[in-house]
Structure formats: C-alpha cells, structure tokens
Amino acid sequence: QSALTQPASVSGSPGQSITISCTGTTSDVGVSKYVSWYQQHSGKAPKLMIYGVSKRPSGVSIRFSGSKSGNTASLTISGLQAEDEGDYYCSSRTTSHTWVFGGGTKLTVL
Amino acid sequence: QVQLQESGPGLVKPSETLSLTCTVSGDPINNYYWNWIRQPAGGGLEWIGRMFTSGSPESSPSLKSRVTISVDTSKNLFSLILSSVTAADTGVYYCARGLRENDDYDWGSDYWGQGTLVTVSS
C-alpha cells in the first residue's frame, strides 16, 4: 500500500480558510468511511481532529471540518488562528483492513 | 482520563529485535483496537499494525514479516516486537487506542502515548 498524497505545505493568514487535500485510491479513501485527520505540533503526539470523514471528536473546534469526494478527502480549517499552525496528516483504512497515512502537510499561519 | 505510556530500550543494535510495551491506565484494555505507529525524525507517520483485544493482529504489508503485536489484558498493556531492525527503523514509536463508537471499533486513534525514541545503531 502506498502513502496517501497530501501537499507538502499550505499557508494562510489569520481569519482565512484553508483546505488540505488527501488523495488515495479505490482501495482506501475512495471506498472507506474510515478517513481521519490528525494535527501534530512539534515534538508532540498527534491529535485526532476528524474521524469518519467528517465527524469531530468532543472538544475539537467547529472551525475544523472534513469531507470526501471520490478518492480525495479534504480538511478545511476556517477562521485560521495562530494555534492551528503545525503538521496535518490524513489516514484511511484500506480494503485489506490495514491503515495508511498521508505524507503530511505543514500548515503555516502567516 | 485514559493514558498510554510507551516503554522500552532507546537503543537497539542492527539485526537485533526491538521490543516495546504500551501500558494503558484509566480504562480497561478490553474491546478496543490497539495500534502502533512510528515516525522517523523529520518524517511522516507510518502505521505499523494493531490488534483487537480478542482478535488477531494486523500489520502493514511492508512490515508484516517482522512485526508481532500482542495484548495482555491481565496487565492492561500491549506490546510490539520488530525483528531484524536496521537504521531505517529509527524513529519515534507511538502507541494509540482505536476510537470506538456505535459498536464500531475502528474510527481512527483517539488516545496516544507521548512516543518513545528508538535508535538503531551499533
């Protein structure tokens, strides 16, 4: 299984919205309801931000939303804040019941 | 509050076996998926494998031949064994719990350990 494809970096100014894409195949993202997104700050463990394509765990800001179209999932962050800066990873369960991560996207808040 | 803590040697020699343990506190280990994920320095996350407390382990196809995962419900911990390690296995190793919701146990990982750095070097 190959890693899911994410852009290496995205940036935005405070208050703006950004979207991070995550492209997989018909063996993972395209057929899976088990798509999740993680935020990771430097030196810290990842934090679950979105699961089940578009569900938010308790305590995660409503500024974070997820969606999927075909083989591509997307994470949108609205009302960008300085604290949103960090690395973001998508993940999907595969048809083999294993999991695969994306390569990660570095978000810079300008 | 659920907490996970990885433990194990920080240095392993090439060709030897890496063994890590994840101790779970704050909730019984039963009826969850338990995952191992790693991250090389400056790199991305890589899913190693997982095991349901009453099921069979599953692992990444690229690591399958070298990975053993087990769960000890009596001690509330689970373990990872990675054999024949090389420098490419150097990185931070995380343990994580699978999110359970509506009788579905595999929504992603909601609780993570802080990670433990493993270096493969002679």
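These numbers were taken from a predicted model, which means no experiment stands behind them. Labels below follow one simple rule: chain letters A, B, ... track the order of the sequence lines, proteins then strands, and each chain is numbered from 1. Below, each value reflects all heavy atoms present in this structure, side chains not excepted, and no hydrogens, waters or symmetry copies.
The contact between Leu99(B) and chain A is made entirely by side chain atoms (from C-beta outward), counting heavy-atom distances below 4.5 Å. For Lys44(A), the part lying under 4.5 angstrom from a heavy atom of chain B is the backbone only. Proximity to chain A is absent for every atom of Ile48(B), based on heavy atoms less than 4.5 angstrom apart. Residue Ser91(A): no heavy atom, backbone or side chain, is found under 4.5 Å from chain B. Only the backbone of Glu46(B) comes within less than 4.5 Å of a heavy atom of chain A; no side-chain atom from C-beta onward does. If you measure heavy-atom distances from Ser59(B) to chain A, the contacts under 4.5 Å come from the backbone alone.
Between the side chains of Thr17(B) and Ser83(B), no donor-acceptor pair of N or O atoms lies under 3.5 Å. A side-chain donor from one of Thr76(A) and Thr19(A) sits under 3.5 Å from a side-chain acceptor of the other.
Side-chain contact check for Cys90(A) versus Tyr38(A): every heavy-atom pair is 4.5 Å or farther apart. For the pair Tyr34(A)/Trp107(B), a side-chain contact is recorded, criterion being any heavy-atom separation below 4.5 Å from C-beta on. For the pair Leu11(B)/Ser121(B), a side-chain contact is recorded, criterion being any heavy-atom separation below 4.5 Å from C-beta on.
With Tyr94(B) as the partner, the ring pair (Phe, Tyr, Trp, His ring centres under 6.0 Å) test is satisfied by one option alone out of Trp36(B), Trp112(B), Tyr111(B), Trp34(B): Trp112(B).
Chosen from Ser92(A), Gly43(A), Pro46(A), Ser96(A), the residue pairing most often with chain B at heavy-atom distances under 4.5 Å is Pro46(A).
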